[in-house]
Amino acid sequence: MKSYQADHVPDTTPVLRGLTDIIDQVIDLAEAEKISLREVLHTIGDASFAPILLLPALAVATPLSGIPLFSTTMGVLIFLIAGQMLLRRENLWLPRSILRREVRGKLVRDGFNKLYPVARWIDARTERRMRVVARRPLVFIPQLLCLLSGIIMPILEFVPFTSSILGVGVAILALGMLTRDGLLTMIGMIPYGIVGWLITTTVA
């Protein structure tokens with residue numbers, strides 16, 4: 001199978017980009033009638049895995065998660081990206097079947113536009129703090145959480161709101177790793193407690 005390749009940059013030379021920057025690029029691309037995942041990845045493609053991990057996390061945090069099997073697809077994508085981050089791969093591999101999936105441009109524009117207020121608020125408060133949490137060896141903790149999020153998203157399609165909340169968690173963790181903001185990385189763990197409470201409440 002063909003794959004998507006993205007060079008991996010060492011931790012010492014991160015590329016700093018904000019949520020609004022990535023959202024802007026996706027919205028511009030979504031002016032087309034339909035867009036594929038491959039096109040979006042090439043548009044936001046960066047020297048780091050973290051910006052690429054942000055994409056499916058942001059997508060599943062939007063109303064797009066209401067599309068049947070959308071959360072499952074994004075979960076698989078998050079699992080693959082986070083897994084390769086844990087393995088410290090230099091190049092990202094993604095299956096062709098996922099890369100060629102298309103979504104209506106208008107749905108993407110509308111969904112990502114709804115994220116703007118929160119994205120601006122987060123970008124304005126992101127800075128390099130508690131960097132030890134967002135660097136090796138402790139960075140494996142948020143990476144592992146992202147991996148586990150991807151694994152359980154297909155199951156959580158049947159529990160309302162949980163996939164979207166996990167998407168928010170993964171997005172904050174990815175942004176924390178990208179900007180080396182340890183405090184933001186720790187905040188990104190909060191949604192997991194909310195998801196646990198929702199699952200417990202639903203089962204009960």
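Sequence positions, counted from 1, serve as the residue numbers for this chain. Note that the structure is a prediction, hence the values are computed from the model and not measured.
Although no hydrogens or angles enter the test, the distance criterion places a donor-acceptor pair under 3.5 Å between the side chain of R109 and the main chain of A30. Judged by distance alone, the side chain of R88 and the main-chain N or O of M85 form no donor-acceptor pair under 3.5 Å. No side-chain donor-acceptor contact under 3.5 Å links D181 to the backbone of L175.
Side-chain contact between L53 and L173: absent, with no pair of heavy atoms (C-beta onward) separated by less than 4.5 Å. Under the 4.5 Å side-chain criterion, counting only non-hydrogen atoms from C-beta, T62 is not in contact with K114. Looking only at side-chain heavy atoms (C-beta outward), I78 and M153 come within less than 4.5 Å of each other.
Residues I194 and I155 are members of separate hydrophobic clusters, defined by side-chain heavy-atom contacts under 4.5 angstrom among Ile, Leu, Val, Met, Phe, Trp and Tyr. Residues L69 and L77 do not share a hydrophobic cluster, clusters being chains of Ile/Leu/Val/Met/Phe/Trp/Tyr side chains in contact below 4.5 Å. Hydrophobic clustering (side-chain heavy atoms under 4.5 Å, transitive across Ile, Leu, Val, Met, Phe, Trp, Tyr) groups L166 together with V118.
Among residues two or more places apart in sequence or in another chain, the side-chain contact (heavy atoms from CB on, under 4.5 Å) test is passed with L29 by I35, E39, V40, T43. Judged as a salt bridge (charged side-chain N to carboxylate O under 4.0 Å, His left out), and not counting sequence neighbours, the contacts of K106 are D110. The side-chain contact (heavy atoms from CB on, under 4.5 Å) check on S164 picks up S65, with sequence neighbours excluded.
At a cut-off of 3.5 Å, with distance as the only test, no side-chain donor of S36 or R101 sits close to an acceptor on the other residue.
No more than 12 heavy atoms of other residues, nucleotides or ligands lie within 6.0 Å of CZ in R104, so this atom counts as exposed by the packing criterion. Remark: F112 CZ is packed, more than 12 non-hydrogen atoms of other residues, nucleotides or ligands lying under 6.0 Å away.
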